[in-house]
Amino acid sequence: NVDSFKCVGCRSFSALAELPDTHQILRQTCRDFADRELTPIAGRLDREHAFPLKQVQELGAMGVMAMEVPEELGGAGMDYLAYSLAVEEISRGCASTGCVVSVNNSLYIGPVLKFGTEEQKTEWITPFTTGEKVGCFALSEPGNGSDAGAASTVARQEGDEWVLNGTKAWITNSWDAAATVVFATTDKKLKHKGISAFLIPMPHPGLSLGKKEDKLGIKATSTANIILEDCRVPLGNMLGPRGAGFKIAMQTLDSGRIGIAAQALGIAQASLDCAADYAHKRIAFGAPIGKLQAVQFKLADMNVAVESARLLTWKAALLRDSKKPFTKVKISLDALVVLFASLWFLCVRLPDKKVSFIYLCVFSTFL
Amino acid sequence: MHFWARTVNIFSTFHLKTWSRSACQCHNQIRVKPDNSSVVTDGVKHSMNPFCEIAVEEAVKLKEKKLIKEVVAVSCGPQQAQETIRTALAMGADRGIHVEVSGKDYETLGPLQVSKIMAALAKKEEAQLVILGKQAIDDDCNQTGQMTAALLDWPQGTFASEVAFDGDKIKVVREIDGGLETIMISSPAVITADLRLNTPRYATLPNIMKAKKKKIANVKPADLGVDLTSRLEVLRVDEPPQREAGVKVETVDDLVSKLKDAGRL
């Protein structure tokens, strides 16, 4: 079982030496939290599809659920590098919890922080900083994911209300969220410039949830459809200017990708540590298999890949923090995210550790 | 196996000083140096001794209850000791003192030298309470607290699982072999923290940021008039003997006679 291994990757911690003091302490704090509070329960959360409510509340108390939010709004007031470190360490302990942290920070709070009015920030961010409430991000639809400009969910104005109709799909945290950012077409003729963003509390009349998807992983947080049927919200619930929805979505996802990459890093590191530990212990042909060069090569290759991905993630975070463009770096991150997500799937899903290890080695040959 | 390096103690006035020790993290493979002089510490990650974390937590809790005014975190050691002090600051200590000890002095730094430093600092800072972890998890000495109290001629409440202020006295519940012992001691006093005293908090992110601005003073042992010469000489460090295969016997009589042969009975 993945949740019972011990960390042996001490050498990979050498990167800690280059980070500023505060970031090192933050990283260590999150690592301690993950080791003590998350790793022991990760397997159970996964099996039972149980949302880690207590742990999310504890993380909220630490400030991890709203890392970039300024202190006056209830957040931790830290930078994106700190956020990536925190998400990586949390994900190392439990990937689902890392996902909840990442979605709340980047995808829900992110757009409100950047595009919201002061009243919207107080109403829609502050209660979501403590871990008591989490938010979600509803962009994808059954008919479109990558082609976000083709949103078929519509919003029409009726008096002093917006009325939304449509279905959003694959929404992470949906069943556990207290609010969502929804993207809907307000002016079809303007195509992707006719999409706007809306804030909707959950539960809310006219908003219902589809069945929870039975996923291959990240099972402790829900993924489901959000169905809007004449869902009415006040005019003040529009986020940003009318027609700015597509821009808001794309910018949010740019930052969100750094969070997802950090998640994938945490998972990859945990997988690597698990594999290395197994290599030390599994005896075959009279010696631990870690003594065989072929196994050593694979572990070394994986280590290089994880370190490179980590530095790429940090670079993206640092560029974002200094307000420089980071889209190109982000694209490389996308590829890495997919890579590591698959890696994790192989390691966690397979009940037999031996088989897991074999797949890990096989997978590493693709790097 | 654990190896822990020396860390910080926290004093408090009504002023609390806590001494926290940094130590190697668990999960490290510990190796003995080729010359059998000590264990290898290069490249081994150190972090705060768990009993010291408990001591810091107790200090911060007392301050939150407004029973003490200021928490000062102290550590003796090389540059890295500052990291441990910062962690204590992030948990809520007000300021830090780093007593710089490095090189050969650091290798021979033991409980007696540390207690001398602690005693000198407690007097200088006019501390009313000194809280330490009961022992470090690398050398398991369990001496620093007791020696500090002796040098200061202060009462001590060691292996504390509960600390409460009762008028001008301090009630300490101690975990002892026979069970729990409750004592009343007057301040100023030295207390050492045991496992069940509390559960240390995780530093919150805003506190980690604030810790950056808190002051850490640098002090040398010579400034405190402390002589670091060790009275102990480590002759040799060896790994525990490799576990050998056991022997199976058929009857209890065989077992008894084998034990007698081996000189165990």
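Below, read A as the first sequence line, B as the second, and so on, with proteins coming before strands; counting in each chain starts at 1.
The number of heavy-atom neighbours closer than 6.0 Å to NZ of B/K63, taken from other residues, nucleotides and ligands shown, is above 12. Counting non-hydrogen atoms of neighbouring residues, nucleotides and ligands closer than 6.0 angstrom, the NZ atom of A/K291 reaches no more than 12 such neighbours.
Here A/A76 is the residue among A/G63, A/A82, A/A76 with the most heavy-atom pairs under 4.5 Å with chain B.
Considering CE of A/M65 and CG of B/L205, their distance stands at 12.5 Å, rounded to 0.5 Å. A/T29 contributes atom OG1, which lies 12.5 Å from atom CZ of B/R201 (distance to the nearest 0.5 angstrom). The line from CE of A/M78 to CD1 of B/I208 is 6.0 Å long, rounded to the nearest 0.5 Å. In this structure, B/E83 CD and A/Q24 CD are separated by 5.0 Å, a value rounded to the nearest 0.5 Å.
Residues B/K210 and A/E71 meet the side-chain proximity criterion, which asks for heavy atoms closer than 4.5 Å. With contacts defined as side-chain heavy-atom distances shorter than 4.5 Å, the pair A/E58/B/Y202 does not qualify.
Put simply, the residue from A/I25, A/D21, A/T22 that forms a side chain to side chain contact (heavy atoms under 4.5 Å, CB included) with B/K212 is A/T22.
At a 4.5 Å heavy-atom cutoff, the contact between A/A61 and chain B is made by backbone atoms alone.
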